[in-house]
Amino acid sequence: MKSLEGKTAFVTGAASGIGLGIATSLAQAGVKVMLCDIQKDALDKAVADLRATNADVAGVLADVSLKDNLQHAADETIARFGKVHILVNNAGVGGGGDYGTWTEGGWNWVIGVNLMSVIWGIEIFGPLIEKHGEGGQIVSTASIAGMVALTNPAYDVTKFGVVALSEDLRPKLAPRGIGVSVLCPGVIRTNIVDSGRNIPARFAGQVPTAPTEGPGTEVLKAVTAAIASGIDPLYVGELVREAIEGDWPHIFTDLQFEPHIDARFATIKQGFDRIRERTPRH
Ligand SMILES: NC(=O)c1ccc[n+]([C@@H]2O[C@H](COP(=O)([O-])OP(=O)(O)OC[C@H]3O[C@@H](n4cnc5c(N)ncnc54)[C@H](O)[C@@H]3O)[C@@H](O)[C@H]2O)c1
């Protein structure tokens, strides 16, 4: 999308962190933004702060892991702005438990927010973008953990899923006038370590809590410290705006984890080489 001015975006998880950075950056570029989030106080504040800059924004409350909530949010977006051009599937949570501690509730929560919301988002908003014929863009927030598994099982699985879904749909939606990008941030200064603040009531008591003893506590401390000094989410928002204008397939935020991805590809290559050596006719 070469020109963003006057277009409309729907951004999930927009009340905090990366989502707020993206909403802010798009609003500054003259995009009308519907901010969507599960946390009312933070959403109200984000909308008020952006309106104070004369941005044309509104807010809608939704648990994006529930399809009917997302459908309602889409209806509200059309009612308020008439059209939608940009879908940013950004809401996401960390957690769910590691091997030995994971629970069914933990898996369902993380899969619902991080992956099913992206599937429902595309299913609901795709046809709305196609309908006006002006083209559009779908950006889904995965993670560098969608390129190399290095956090915890439910998070890594859902983020690989978002990358796969985006790569699958990119060539299929291009002829329909919709660009598809996947955002794979590194370590960004947000509230993600406190994801448990927004566990939907239906999962209450079913999601493993953060470790308070053992080696897990050290890992958590290190992650918390890294996030606290991570990249500014507003910078990520700027990158996303540029990526929408340029229809980038993959949006990375920095080079920190490139060697990990190179190492993963090298291991995969070794797997092919092993087979090449066993079966010389290849
Ligand atoms: N912070 C990082 O270092 C980092 C790195 C890679 C990827 N990400 C991804 O970035 C995205 C945004 O996370 P963040 O780091 O800005 O965290 P954050 O906690 O600051 O923001 C996440 C937002 O999503 C909202 N949310 C949570 N559950 C929801 C639900 N069920 N329905 C609607 N909204 C919901 C929260 O209320 C919050 O406003 C996530 O997909 C996350 O996995 C973050």
Side-chain angles (χ1 to χ4, degrees), residues 10-24 34-47 59-70 72-73 88-96 108-118 120-121 139-152 154-163 165-166 182-204 207 222-237 239-240 250-254 256-257:
F10 176 83
V11 183
T12 70
S16 171
I18 294 171
L20 182 54
I22 296 170
T24 304
M34 179 62 99
L35 288 84
C36 172
D37 207 282
I38 197 172
Q39 190 179 339
K40 188 174 183 331
D41 56 346
L43 179 62
D44 289 347
K45 181 174 179 337
V47 170
V60 63
L61 210 54
D63 174 351
V64 296
S65 65
L66 297 174
K67 198 174 181 178
D68 63 345
N69 276 216
L70 258 184
H72 173 256
V88 183
N89 293 305
N90 165 79
V93 289
N108 286 336
W109 172 50
V110 178
I111 290 175
V113 181
N114 291 8
L115 181 58
M116 295 315 296
S117 72
V118 182
W120 306 144
V139 180
S140 302
T141 304
S143 168
I144 209 73
M147 293 276 157
V148 56
L150 40 67
T151 65
N152 76 44
Y155 195 79
D156 292 342
V157 165
T158 55
K159 296 304 184 178
F160 267 71
V162 172
V163 171
L165 183 65
S166 304
V182 63
L183 169 63
C184 297
V187 180
I188 316 300
R189 195 169 63 245
T190 71
N191 295 309
I192 193 159
V193 175
D194 189 21
S195 289
R197 72 193 185 282
N198 288 320
I199 296 175
R202 67 187 188 284
F203 296 124
V207 177
V223 169
T224 306
I227 298 268
S229 58
I231 292 168
D232 186 341
L234 255 174
Y235 171 70
V236 181
L239 284 175
V240 168
H250 300 95
I251 312 165
F252 295 108
T253 56
D254 58 280
Q256 185 181 351
F257 294 96

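Read the numbers this way: they start at 1 and go in the same order the structure lists the ligands and their atoms.
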Side chain to side chain contact (heavy atoms under 4.5 Å, CB included) between Val182 and Val162: does it pass, once the steps are laid out? CA-CA 8 Å; Val182 63; Val162 172; 4.1 Å; yes
Could you walk me through whether Ile188 and Thr253 pass side chain to side chain contact (heavy atoms under 4.5 Å, CB included), step by step? CA-CA 9 Å; Ile188 316 300; Thr253 56; 4.0 Å; yes
Step by step, would you call Asp63 with Arg202 a salt bridge (Lys or Arg N to Asp or Glu O under 4.0 Å)? CA-CA 11 Å; Asp63 174 351; Arg202 67 187 188 284; 2.9 Å; yes
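Within the 4.0 Å heavy-atom cutoff, Thr12 does not count among the residues contacting ligand 1. Contact annotation: Cys36 has no heavy atom less than 4.0 Å from any atom of ligand 1.
Short contacts between ligand 1 and Arg197, defined as distances under 4.0 Å to a heavy atom of the residue, involve ligand atoms 18 (P), 19 (O), 38 (C). Counting atoms of ligand 1 from 1 in the listed order, those under 4.0 Å from a heavy atom of Ile38 are 26 (N), 28 (N), 29 (C), 30 (C), 31 (N), 32 (N), 33 (C), 34 (N), 35 (C), 37 (O). Within the listing of ligand 1, atoms 3 (O) sit less than 4.0 angstrom from a heavy atom of Ile227. Atoms of ligand 1 lying under 4.0 Å from at least one heavy atom of Val187, given by number and element, are 3 (O). Using a 4.0 Å cut-off to heavy atoms of Asn198, the atoms of ligand 1 that qualify are 36 (C), 37 (O). Atoms of ligand 1 lying under 4.0 Å from any heavy atom of Lys159, numbered from 1 in the order shown and given with element: 40 (C), 41 (O), 42 (C), 43 (O). Residue contact check: Asp63 has heavy atoms under 4.0 Å from atoms 30 (C), 31 (N), 32 (N) of ligand 1. Heavy-atom proximity to Ser143, at under 4.0 Å, picks out these atoms of ligand 1: 6 (C), 7 (C).
Given atom 24 (O) of ligand 1, the protein heavy atom at minimum distance is Gly13 CA, 3.4 Å. The protein atom (non-hydrogen) at minimum distance from atom 11 (C) of ligand 1 is Asn90 O, 3.1 Å. The single protein non-hydrogen atom nearest to atom 14 (P) of ligand 1 is Thr190 OG1, 3.4 Å, given as residue, atom name and distance. Scanning all protein heavy atoms for the shortest distance to atom 8 (N) of ligand 1 gives Tyr155 OH, 3.4 Å.
Gln39 pairs with exactly one of Asn191, Asn198, Asp44 by the side-chain hydrogen bond (donor to acceptor under 3.5 Å, both in side chains) rule, that one being Asn198.
Of the heavy atoms in Ala142, only backbone atoms (N, CA, C, O) come closer than 4.0 Å to ligand 1. Looking at Leu20 against ligand 1, nothing comes within 4.0 Å, counting heavy atoms. Counting heavy atoms under 4.0 Å from ligand 1, residue Arg189 does not touch it at all. Neither the backbone nor the side chain of Ala42 comes within 4.0 Å of ligand 1, counting heavy atoms alone. In Ile192, the parts holding a heavy atom less than 4.0 Å from any atom of ligand 1 are both the side chain and the backbone.
Within a 6.0 Å radius of CZ in Phe160, more than 12 heavy atoms belonging to other residues, nucleotides or ligands are found.
Residues Asn69 and Val64 fail the side-chain proximity criterion, which asks for heavy atoms closer than 4.5 Å. Contact annotation: the side chain of Val110 never approaches that of Phe203 to less than 4.5 Å [non-hydrogen atoms, C-beta and beyond].
Taking all atoms of both residues into account, the shortest heavy-atom contact from Lys159 to Ser143 is CG-CB, 3.8 Å. Nearest heavy atoms, Leu183 versus Val240: CD2-CG2, 3.9 Å. Counting all heavy atoms, side chain and backbone alike, Val88 lies closest to Ile22 at CG1-CD1, 3.9 Å.
Remark: among candidates Gly94, Gly112, Ser195, Ala62, the nearest residue to atom 33 (C) of ligand 1 is Ala62, based on non-hydrogen atoms. The heavy atom nearest to atom 2 (C) of ligand 1, considering only Val236, Ile188, Asp37, is found in Ile188.
Formation of a donor-acceptor pair under 3.5 Å by the Asn90 side chain with backbone atoms of Thr12 is found in this model.
The closest side-chain donor-acceptor pair between Thr151 and Asp156 falls under 3.5 angstrom.
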